Amino acid sequence: RDLAIGPAVTVVHLPFWWPLARRAREAFAWRVVYDCMDNHAGFSVITPEMLGQEGALTSSADLVVVSSPFLEAEARRHNPRVLLLRNACEYDHFELPVKPRGTRPVIGYYGALEDWIDADLVADLAERRPDWSFILVGRPVSIDTSRLARLANVAFPGEQPYPLIPGWLHRFDVAIIPFKRTPLTEATNPVKAYEMLAAGKPIVSVPIPEMVALGPLVRLASTAEEMDRAIEDALRPETAEVIGARRAFAREHTWDRRFGALAAALNSAARPSIMIGRS
C-alpha cells in the first residue's frame with residue numbers, strides 16, 4: 001500500500017517464506033511462484049517443519065518452477081502447474097580469453113564447500129597427481145578438509161565475491177564438479193557448469209543426471225582413477241571449434257533467456273502444465 005504496488009508476483013525460494021507469501025496473496029491477490037532449486041529433503045540439516053511448509057507451498061503455488069526433471073517429477077505429484085526451467089549463466093561475465101597452458105596444470109572447483117562435496121575423491125586424485133595443482137574456491141562449512149589440508153598441491157583461497165569468480169576460473173586448466181552421489185545432488189542442475197562452459201573450460205564431473213545430459217560438452221568420471229584419466233585427456237590441446245561449442249551452448253542458456261521463458265509462462269493462458277527446457 002505504501003509503495004502503491006498493484007499486480008505483482010511473490011517469488012519464494014525457501015519454503016519457510018510461504019506464510020508471508022500466503023498473506024500477500026490473501027491481501028493483494030498476488031500470485032505465488034515457488035522457485036524450487038533443490039531437493040530439500042536431501043540436505044543433511046533440515047527440519048520437519050520446513051518440509052511441511054514445502055508441501056503446502058508446492059500444492060498451493062500458482063506456478064512451481066523447478067531446475068531439473070527430478071524436481072519436476074516430485075512437484076507434479078502435488079501441483080500440475082509446473083515449469084521446468086534449468087539454471088543458466090551471466091554469459092558476458094564469464095566469457096574469458098583462452099588461458100595458455102602452463103607447465104603445471106591447475107585443476108579447480110568453486111562453489112559451496114559443503115558435505116555434498118566428495119573431499120575424499122579430490123584427495124585421492126591430488127595424491128595420485130602431485131604434479132597437478134588443485135584450487136578449491138569457497139568457504140569450507142560442513143566438509144571435512146583434514147586430508148586435503150595436508151596436501152601441498154591443494155589450495156583453499158576461501159570464499160570469493162562474485163565479481164572475482166571469473167578471474168579464479170580463468171586460472172583453471174580443467175574445472176571439476178566432484179559431488180557425492182546423494183538424493184540432493186541427483187536433483188541438482190549446477191549453475192557453475194553453465195559458467196564454466198561460458199569460459200570455454202573443459203569440465204570433468206561425476207555423472208549426476210544433469211551433467212550426463214550435457215553429453216559431449218563434459219567428461220564424466222566416478223572414481224579418482226577415472227577422473228585422473230579424464231583430466232589427462234582434457235589437458236590435451238583443444239581446437240577452437242571444441243572451445244567454441246562450449247561457449248555457444250552457454251550463450252543459449254543465459255538468465256535473460258530464462259526470464260523470457262518464465263515471463264511467458266506467467267503471462268500465458270492457464271494450462272494444466274507447462275514444460276520448457278532441454279529434454
Side-chain angles (χ1 to χ4, degrees), residues 1-90 111-112 114 116 179 182-194 208-210 213 252-279:
R1 295 186 187 99
D2 293 344
L3 299 176
I5 297 175
V9 172
T10 303
V11 179
V12 180
H13 292 130
L14 295 171
F16 53 75
W17 297 357
W18 166 232
L20 180 60
R22 183 178 58 223
R23 287 176 57 194
R25 182 163 68 182
E26 292 169 352
F28 308 114
W30 291 352
R31 286 179 293 173
V32 175
V33 173
Y34 176 30
D35 185 16
C36 180
M37 297 174 283
D38 289 299
N39 176 20
H40 291 107
F43 283 102
S44 57
V45 179
I46 196 71
T47 65
E49 180 184 14
M50 182 172 171
L51 292 179
Q53 289 172 325
E54 183 170 39
L57 169 61
T58 302
S59 61
S60 302
D62 297 284
L63 180 66
V64 180
V65 179
V66 296
S67 57
S68 73
F70 181 100
L71 297 173
E72 181 193 18
E74 287 298 305
R76 288 191 186 280
R77 293 173 54 230
H78 306 282
N79 193 328
R81 301 176 297 278
V82 178
L83 171 67
L84 173 58
L85 199 68
R86 286 177 167 90
N87 286 313
C89 66
E90 190 178 4
E114 298 272 6
W116 56 80
F179 290 168
T182 70
L184 175 65
T185 61
E186 292 293 294
T188 295
N189 178 253
V191 175
K192 59 182 59 64
Y194 299 90
I208 57 175
E210 289 297 273
E252 293 298 313
H253 295 270
T254 64
W255 293 119
D256 285 342
R257 288 178 178 265
R258 295 295 190 258
F259 172 77
L262 176 58
L266 287 171
N267 292 325
S268 66
R271 297 189 297 177
S273 65
I274 308 167
M275 176 176 176
I276 297 177
R278 293 176 289 105
S279 60

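Being a predicted model, the structure only gives us computed values, none of them experimental.
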On a heavy-atom basis, the closest approach of Ala265 and Leu63 is CB-CD2, 4.3 Å
What are the two closest non-hydrogen atoms of Val12 and Ala21, and how far apart are they? CG2-CB, 3.6 Å
Taking all heavy atoms of Phe179 and all of Pro190, pick out the closest pair and write down the distance. CE1-CG, 4.2 Å
Heavy-atom side-chain contact between Trp255 and Asn87 under 4.5 Å: yes
Contact between Val11 and Val65 at the side-chain level, heavy atoms closer than 4.5 Å - yes or no? no
One pair to check against side chain to side chain contact (heavy atoms under 4.5 Å, CB included): Trp17 and Gln53. What are the steps and the verdict? CA-CA 9 Å; Trp17 297 357; Gln53 289 172 325; over 6 Å; no
Might you work through the side chain to side chain contact (heavy atoms under 4.5 Å, CB included) test for Asp62 and Val9, ending with a clear yes or no? CA-CA 10 Å; Asp62 297 284; Val9 172; over 6 Å; no
Has the side chain of Trp30 got a donor or acceptor atom that lies under 3.5 Å from a matching backbone atom of Gly6? yes
To the nearest 0.5 Å, what is the distance between CZ on Arg257 and SG on Cys89? 11.0 Å
Treating Asn79 as the side-chain partner and Ala75 as the backbone partner, does any N or O pair qualify as donor plus acceptor under 3.5 Å? no
Salt-bridge present (Arg77, Glu74; N to O < 4.0 Å): yes
So which atom in Ala187 and which in Asn39 form the shortest heavy-atom distance, rounded to 0.1 Å? CB-CB, 3.8 Å
With distance as the sole test, does Arg31 use its side chain to make a donor-acceptor pair with the main-chain N or O of Leu266 at under 3.5 Å? yes
Ser60: what forms a side-chain contact (heavy atoms from CB on, under 4.5 Å) with it, not counting sequence neighbours? Trp18, Arg25
Donor-acceptor pair, distance only, cut-off 3.5 Å: does the side chain of Thr58 make one with the backbone of Gly55? no
Heavy-atom pair with the smallest gap, counting every atom of Thr185 and Thr182: OG1-N, 3.0 Å
Nearest non-hydrogen partners of Glu186 and Phe70, listed with the distance: O-CB, 4.3 Å
Any donor and acceptor pair, going by atom type alone, linking the side chain of Asn189 with main-chain N or O of Ser68 inside 3.5 Å? no
Any donor-acceptor N/O pair, Arg258 side chain to Arg86 backbone, under 3.5 Å: yes
Drop me the distance from Glu210's CD to Thr188's OG1, to the nearest 0.5 angstrom. 9.0 Å
Between CD on residue Glu72 and CZ on residue Arg76, distance to nearest 0.5 Å: 4.5 Å
Over 12 non-hydrogen atoms of neighbours within 6.0 angstrom of CZ in Phe259: no
Are Val64 and Leu71 close enough, and set up right, to give a side chain to side chain contact (heavy atoms under 4.5 Å, CB included), and what steps lead you there? CA-CA 10 Å; Val64 180; Leu71 297 173; over 6 Å; no
Calculate, to the nearest 0.5 Å, the distance between atoms OH and OG1 belonging to Tyr34 and Thr10 respectively. 15.0 Å
